[in-house]
Every structure is written in structure tokens, then in C-alpha cells.
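Report on the following structure.
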Amino acid sequence: MPSDVIRGQEWHGAGVSLFAWSNEPGDTRHPPLLHTNSAKVTGVNGHLADPADVNQLPDPSIGGCFSAWTAGDRELTATTAANRICPVFYAETATLHIAASRALLAHLIAQRDERLAFDVMALQTMVRSGYFLSDETPYVGVEALPPNSRLDVRGGSRTITRQELPRPKPAPKTRREKRAALDELAAALLATVAPLRSAAEPVNLALTGGRDTRVLAALLHAAKIPFRVTTNGLDTHPDVILARRIAAELKLEHTVITPPQTEDRDAMLVEHPLARAWETLRTCEGMTSAYESIVGYLPYSTKPTMSGQGGETLRAGSLNLLQTDLSDRALLRRIGATFLKDEKLFTAAANEHAREQARPWQERQDKLEALHHIYLSYRVGRWQASARAGALRRGDSVRPYLDNRVVRAALSLDQRWSLSEEPIYSLILRFAPKLRNVPIEGKPWRFVDGRAGRWPWEHVPPPHLPAARTGGGWSWRTSPGPALTAVLREQVLGSLDALEAIVNPDEVRAMFADPVVKKPATAWNLYTVSTLLTGLYPGKRPEAPERVKVYRP
């Protein structure tokens, strides 16, 4: 961000210094950058559901999307929430303990000179998945504090305590038990939007025909928060059709944003991968692939916006949602496949490293819970946390599903019941009964698939609207064409020596052998790691390369 939009504050005690910077305007909805209470000072990365809760930190059970630093003379504590959506990175030298919200900053402070030292083996997971499936970072000596954890420095010594996440309660059987089981989750969700009652303008909710944003529309309706909804798509798309029905039932203002019509265009000019990679590395510190579209900088806006990001938290996580077979054997295969994707592409050392990371999860007794926690720890706590750095330059959107209390309440539900989708359907009916007859887009609700009501008065959700299959799904990222493939190929094959510790050169060459690469996401991941290791960032923005023309296949 431009330096002139940054404000900062610092505190110095005996043996401890705390520094805070922000591009957020100061207002009453946030505690000060550094909050002094008695002999201690506290800094918050992210936001608290109630700014007054700053006095309760480092309590791990309060609401908000946050990590926290609390300092006093000769002592420092840093804590993460249940999903570490706001990360803490830590490092140690002979004379310093460092805890920071930016991994590269922690690394540079720890280095004796300005040269970077990359943990190449740790980057094997970036090539496989485009994000980290571990607590490692690209930088030697820097790690991410696990979810729901506490780092303490006392008397010059560091200790890390990982507190157990909430365990699932037994599955409710009766309707009364089900209602009671959802009380905590419903209350936590309502608490996340309560501060919006004082917002200067209505909340803008990005609404689709799917599950997660529908819960949010019902939630805002129940909380009596003024809001309007926006949907991207053509009038014939189920997202638009169903969002219109939801808006009509709840009497909401609804705006449809029609995507550009490109059917008559046979090609498009796209940003050169070098410029795209530099911006991604700069924003996400080598922990997100340039395959992802990172939100660019705009001046900070306080307009309240909301989307369904992280909604799978309430449905046992995206990895479990991929499963139809819920046997332990099948879930164990899913864990292995998550950590050891494209095994043939990697060196024996890289595959063994991945196995070591998978092993603790494979050894867990409850495999369904393990996959849910993998989703929270890595898909949310590493990928979303890293990519979110771009969006936070523009403003801090309201993300109820990422709230610490909501996550803890969701983890307390029986995993199989959560996966059935009955809990979130029940929440919709609790918050907005008017939506009971609006179909869902995509696939049927899991808990009613093939089931009819046993009694005439028993409510059964209406049939779903299948996802639209149109010809408008072409993307230059997933169909890069020969010209863009050539740019990716030149960089990756030209720097194989930097990657040889983690990938097999012959397999990489084979991957790029065709005019159009067959695994574009992996190609982008390789390109990102390659540019990182060969010194693209940190450094000046590269000379603007010409855009690349990508033809529609």
C-alpha cells in the first residue's frame, strides 16, 4: 500500500518492543492500534466482535477474526484464534524472539544481513496445492503459529501451547435436541452481525442460489440489519433466478451484474505472468499461487460488505464435502491424496516430507474430524488467510463464518450431522421461515436426498435447481493456450536447478511437452515458486512485460 495511507504506533518496555501499522481509519468500532491496560499493552490483527473485548485478551474464546499480541516488561504473548485466519509467524535468533503478522518481516528481522534464505523443501506443498499444508513458510526459521495456540516469551525463553479445539458433542436425535444443539451456533452468528446495526449504510451481500450466502441473508433478516443483495450472472442462471426469489421473499433491493459478453471474441490480452507473480508474492509472501486472482489495492472503504467465504466450516469442511464414501478407509485415502497430490512429479525427499506432514492426521482416530480440522488449519488458516491479505487493503469485509466463536460452535456439532447439511437448513428456517419454499442451486440438500416426509405436516425442502452448464466458463488461467504456456514453460524449465530438490526435472519437462500444458494450476504453482526462488521478490516491480494474447480454445 502507499506509505501515505499507513498510520503506526509503537511501545517499548524492558526487553520488549511492540510495533503496529494499519491502513484502516481509526474509529470507535476498533480498539486503538496499541491498547494500554494496567502494565500491559495489546495489539490486535483483524477485528473483535466487541472492541471492549480487547481487555479480555489473550482469552481464546471471544468473538471476531483476530490474532493478538500482549506485551509487558520482559514478557510477550501472541495468540491465534480457532482458524488462524489472522496469522502469527514466529522466529528466533541468539538474541531475539520475534512474533509478527507478516512472515517476511519476521524473517528479515531475524537475518544477519539482507539476503533471504528460502526453505525449499517446505515449498513442495506450494507446488502441489498452491498453498501451505503445514505450519512452514517459504523462509528458513519462520513458522506459522498453529490454530488456537499461544506463544509466550518469559525470561528470554519461548514456549508454545496448543489448546485443543472444541470436540463434537453427540449427534442430536429428537427435534428438541436438534434445536438446542443449534442455539450456540445461532447466537454466535447473530453476535457477528450485531455491530452492523450502527452502520451508516446498508450491508451489501453477494448473494447466489447456493447454501452459504442464503444462511447469511436469513441471518441479516433475523437480526433486522438493513441490507441489499448483489448477484453476478445472466438472467437465465440459477444464481440469478434464486437470488431474485430470495430478495422478493425478504423484500430486498436486488442488483444483478451481467458479466461481459465475450462469445464473439476469439482471444483476450492478459497480464504477463511475471507482473502477476510479483504482485502475488508481494501481497501473499510466497504462500499463495499466482494462479489465484488476488484483489488489488484500492483506498480503504468502510462500506459494510459480506460474502459466504468459509461457509464450509458449518458443513464439516470442503474436504469432507468431496466425499460420498464416509468409511474410515475412504477418509484415510482422502487425507493421503490431499498431502501427496501428483506424487510422481516430486522427488523422493519431497514425497517423504509430505508423508511426515500427513502422518499425524492419518493417525487421528476420528478421520471425519481430522479432515474438518485440515480444512480449518490449512485451507482457511493458510490459503484463505494468505489470499485475504489482498482484500484487506481495500476494507475488512464482514465474514461471519470466519468468526472465532462461530468456528468454535460449529466444531462442537457432531461432524456427520453437520455434513448432512441439516443444521444449516435448520438455521435458514430459524432465521427466515419465508425461505422454506425457495429451491437450492446445485445439488439436493444432503439430508433429504431421496427422502420424503413421513407425515403430511412434515416439511420437505423443494427440489433443487441443477447448476447451469453454459459455454461461458472459459478461463485463460485454466485454458492458457500455446502463447501463455510458452511463457510459463520458459520460466520453469529455465530455473529447474532452483527446483531440483523438490521436483523431478524429467517429469516437469514432460508436463510442458505439449503446446498447451495439461495441468495449468500446477504450472502456475511451479511458476510462482520458481520466480520466488530466483529473486523476483522482494525487489522492485519488474519492467512491465507485454500482455499475452490467449485464444479461446
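Just so it is clear, the values below take in all heavy atoms, side chains as well, and ignore hydrogens, waters and symmetry mates.
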Close side-chain approach of [X] to [Y], heavy-atom, < 4.5 Å:
| X | Y | result |
| --- | --- | --- |
| L34 | F19 | no |
| V398 | T305 | no |
| W69 | S101 | yes |
| L499 | L533 | yes |

**Q.** Any side-chain donor near an acceptor of the partner, Q357 and Q124, under 3.5 Å
**A.** yes

Q: Decide whether T534 and S495 meet the rule of one side-chain donor and one side-chain acceptor closer than 3.5 Å.
A: no

Counting distance only, does the side-chain N/O of [X] pair as donor-acceptor with the main-chain N or O of [Y] below 3.5 Å?
| X | Y | answer |
| --- | --- | --- |
| Q323 | D325 | yes |
| R167 | L411 | no |
| D514 | V517 | no |

Q. Between E184 and R405, does at least one N-O distance fall below 4.0 Å, as a salt bridge requires?
A. no

**Q.** Carboxylate-amine/guanidinium contact R211 E312, below 4.0 Å
**A.** no

(Q) Ring-plane angle category for F118 and Y139, please: parallel below 30°, perpendicular beyond 60°, tilted otherwise. (A) tilted

